[in-house]
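Per chain, numbering begins at 1; letters A, B, ... match sequence-line order. The structure displayed is predicted, hence computed values, not measured ones.
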Amino acid sequence: MFHSAIESRLRAAVSALVPTADPATIQVKPASEARFGDFQSNSLMLVAKAARMNPRQLASDVVARLDVSELCEPVEIAGPGFLNFRLTRQALEQWLSDAACGKPVLIPKAETPRTVVLDFSSPNVAKPMHVGHIRSTGIGEALQRMWRLLGHRVISDNHIGDWGTQFGKLLVGWKELLDRQALESDPIAEMERLYKTVNTQCDADPARLEMARQELVRLQAGDPENLAIWKEMIRLSQVQFDTLYGRMGTRFDHTLGESFYNAELGSVVEALLAAGIARLSDGAVAVFSDRTLSPKEDPFLVSRDGEWVDVPALIRKSDGGFNYMTTDLATVDYRIRTWAPDEILYVVDDRQSGHFRGLFHVFARWQPEAYRKTQLRHIGFGKILGEDGKPFKTRSGDTVRLADLLDEAEERALQVVTEKRPDLDPSERREIARIVGLGAVKWQDLLPNRQSDYVFSWDKMLALQGNTAPYVQYQYTRAAKVVRDSGAPTAAQPIALTEPAEIALAKHLMNLGFTLQAAAEECRPNYLCNYLHELAGLYSSFYEACPVLKAEEPARSTRLALCRLSAQVLRLGLETLGIEVTEKM
RNA sequence: GCACCGGUAGCUCAAUUGGAUAGAGCUUCUGACUUCGGAUCAGAAGGUUGCAGGUUCAAGUCCUGCCCGGUGUACCA
């Protein structure tokens, strides 16, 4: 990796001259524009500022000590103190040659691998998975794959909603209103119907609500009948989860739902009470502000009528039940004790950012030592909107089920494939449609900055040109086809880059590692999407401008190496995003 | 009321978190082609980054104040 090689030498040169400089601030990254070379660093301006030096002077002193001559042309100092690095042709050709014959120069393995617990997807038992789960599941899966690719240890845990007040209502419904036949044919729909029916009754009738509460209490007390029904509901739900995760290509190392922590909840509350962190309030147990933060930053204070009033986190309700703050605290505690992770990441809707701020804050007070060792991060994301700018719904106003959405994506893709490739047989077309349809959905979801809302559009995501999965997948098939047709083995071949399109493609291929690191570090799969779309475009331009199989040597070998590597990186990149490729489309 | 997240080309979105002349795609217009699979490529047009100040070598990004939109605001998760 050139950028890290240059970076470490730059660090050495700077610290020799300015011992006080923080090495972490000295960074090299791909140049923002080709005319500035291939890599740039703006760090000297920061160092100079901190040390009250003249940045241009510092730059020329550093450059005098910096030997990168076997990699780069002479280093250029630009503007107020930018360093511009331009790779030599030989260095680039050597890299391409190494990469093309399979040397590990594409992806930098982490020097100090970290253990990361990844909490994502988290659907509820007895409810259908819906569009909302695409984001958490897709982003979570992409993160899982990116971190693993970089050599980190990832523990993915699906924290399903299998415990809680909804089961009181579900139990009432199950015992009184269950339609066995309906349960047989579509268990999720039937359980949803039960819940909705009883929920409506409870709104109108307090006696009904009390009945639901009684059933919940019995369940929590271990009543055999209620436990058996509860387990059956989980089993039926797990079938749904497995089917959908199978289609989405998602895997979890663990599925430790809320119920897993049930036995710990009481002691969590006791511990917080004993430590003086929680106290009784209106019959509930609550954690109040400790006034160590300014009111504006304090998650447990809110301003009403000009006064800061307490909004505590509840960890035990006045009826003795626990809520999700309690469960989440027990979960953090368990994960840290069990896996000793460096980080725990929660891939959850941005609307819960307040909850996580509170959670992390309470945990910090409860276990300050563990909190210092483990970074807790909420990886939030925005909503999916319909073309009217409102939350994405079906025409009748219901939430869109994930299964229906995936079906429709495949169906729409099939129409396109049938139109484009009538020559293929139906089963082949269906398989291509599956790969393209699911890829399109995932790409659309991963492409925007995860924090912003995005508008769901069938037409745009399945469009054949533009920043879409089909476009990138198609460029893969073209590259892979050339490699197949060449019949050439993966042996070392002479490399001689001459054409601008070849050079631009080679340089972009080189930046995969940097992009992956940035995407993983900031939990932004969209960096990888944009990188791949750019790569697909550069490949296509190259393919247009430079004949491969018809070319004379050494251009033929060079271009073949570029095709091979482009195919490899496109495939690897897409698969890292959880998107499959196909050889024909 | 308060807090959080947004406001960038006609449209949908980026901008590697303070870097150099704000980039893509769509749309529109112009061009290439009996192709190593055209689901292609080349080019053009499109901007006072919501408004007004401030910080510094440098601001879409940070600070202050406004204006819009969304979300959240103790016994649901």
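Taking for each of A:Glu583 and A:Leu83 the nucleotide of RNA chain B with the nearest heavy atom, the 5'-most of the two is the partner of A:Leu83. Each of A:Asn530 and A:Pro80 was assigned the nucleotide of RNA chain B with the nearest heavy atom; the assignment lying further toward the 5' end belongs to A:Asn530.
Contact between the side-chain N/O atoms of A:Asn449 and the OP1/OP2 oxygens of B:G6 is not found at any separation under 4.0 Å. Considering only side-chain N and O atoms, A:Ser452 lies under 4.0 angstrom from the phosphate OP1 or OP2 of B:A14. Contact annotation: A:Lys390 side-chain N/O to B:U71 OP1/OP2 distance is not under 4.0 Å. One finds no side-chain N or O of A:Lys460 lying less than 4.0 angstrom from the OP1 or OP2 phosphate oxygen of B:U12. Residue A:Ser541 places at least one side-chain N or O closer than 4.0 Å to OP1 or OP2 of B:A42. In this structure, A:Tyr471 reaches the B:C41 phosphate: one of its side-chain N or O atoms is under 4.0 Å from OP1 or OP2. OP1 or OP2 of B:G1 has not a single side-chain nitrogen or oxygen of A:Ser303 nearer than 4.0 Å. For B:U16, the OP1/OP2 oxygens have no side-chain nitrogen or oxygen of A:Lys29 closer than 4.0 Å.
When the P atom of B:C13 is taken as reference, atom OH of A:Tyr527 falls 18 Å away, rounded to whole Å. Residue A:Arg52 contributes atom CZ, which lies 12 Å from atom P of B:C57 at whole-angstrom precision. Here B:A58 presents its C1' atom at 15 Å from CZ of A:Arg56, a figure rounded to the nearest Å. We find that CD of A:Gln352 is positioned 12 Å from C1' of B:U71, with the value rounded to whole Å. Nucleotide B:A59 holds its P atom 12 Å from the CE atom of A:Met45, rounded to whole Å. Following rounding to the nearest Å, A:Asp459 (CG) and B:C26 (C1') show an atom-to-atom distance of 12 Å. Straight-line distance from the CG atom of A:Leu44 to the C1' atom of B:G19: 13 Å, rounded to whole Å. One can place OH of A:Tyr543 at 13 Å from P of B:U40, the figure rounded to the nearest angstrom.
Annotation: B:C41 and B:G25 have their C1' atoms spaced 16 Å apart (nearest Å). Across the P atoms, B:A14 and B:C62 are found 16 Å apart, a figure rounded to whole Å. Distance noted for atom P between B:C2 and B:G65: 11 Å (whole Å).
Within 6.0 Å of atom CZ in A:Arg86, more than 12 heavy atoms from other residues, nucleotides or ligands are found, so the atom counts as buried in its surroundings.
Among B:U17, B:A20, B:U40, the nucleotide with an atom closest to any side-chain atom of A:Arg478 is B:U40. For A:Tyr474, whose side chain is taken as the heavy atoms from C-beta onward, the closest listed nucleotide among B:A20, B:A39, B:U16 is B:A39. Between B:G1, B:A77, B:U12, one nucleotide has an atom nearer to the side chain of A:Val455 than all others, and that is B:U12. Side-chain atoms of A:Gln475 lie closest to B:C41 of the nucleotides B:G1, B:C41, B:C36.
Under the 4.0 Å criterion applied to side-chain N and carboxylate O atoms, A:Glu431 and A:Lys584 are not assigned as salt-bridge partners.
In textbook terms, a nucleotide whose glycosidic angle is within 90° of 0 is syn, while B:U35, being further out, is anti.
Side-chain atoms of A:Tyr527 and A:Glu522 include a donor-acceptor pair closer than 3.5 Å.
Of the candidates A:Glu428, A:Glu580, A:Glu410, A:Glu580 is the only one forming a salt bridge (Lys or Arg N to Asp or Glu O under 4.0 Å) with A:Arg434.
For the segment residues 278-292 of chain A, residues with any heavy atom less than 4.0 angstrom from an atom of RNA chain B are, sorted by number, A:Ser281, A:Asp282, A:Ala284.
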Base-pair map of RNA chain B as dot-bracket, where | denotes pairing with a different strand and pairs are Watson-Crick or G-U under 3.5 Å: (((((((..((((.....[...)))).(((((.......))))).....(((((..]....))))))))))))....
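Taking every heavy atom of both residues into account, A:Tyr531 and A:Thr515 meet most closely at CD1-OG1, 3.4 Å.
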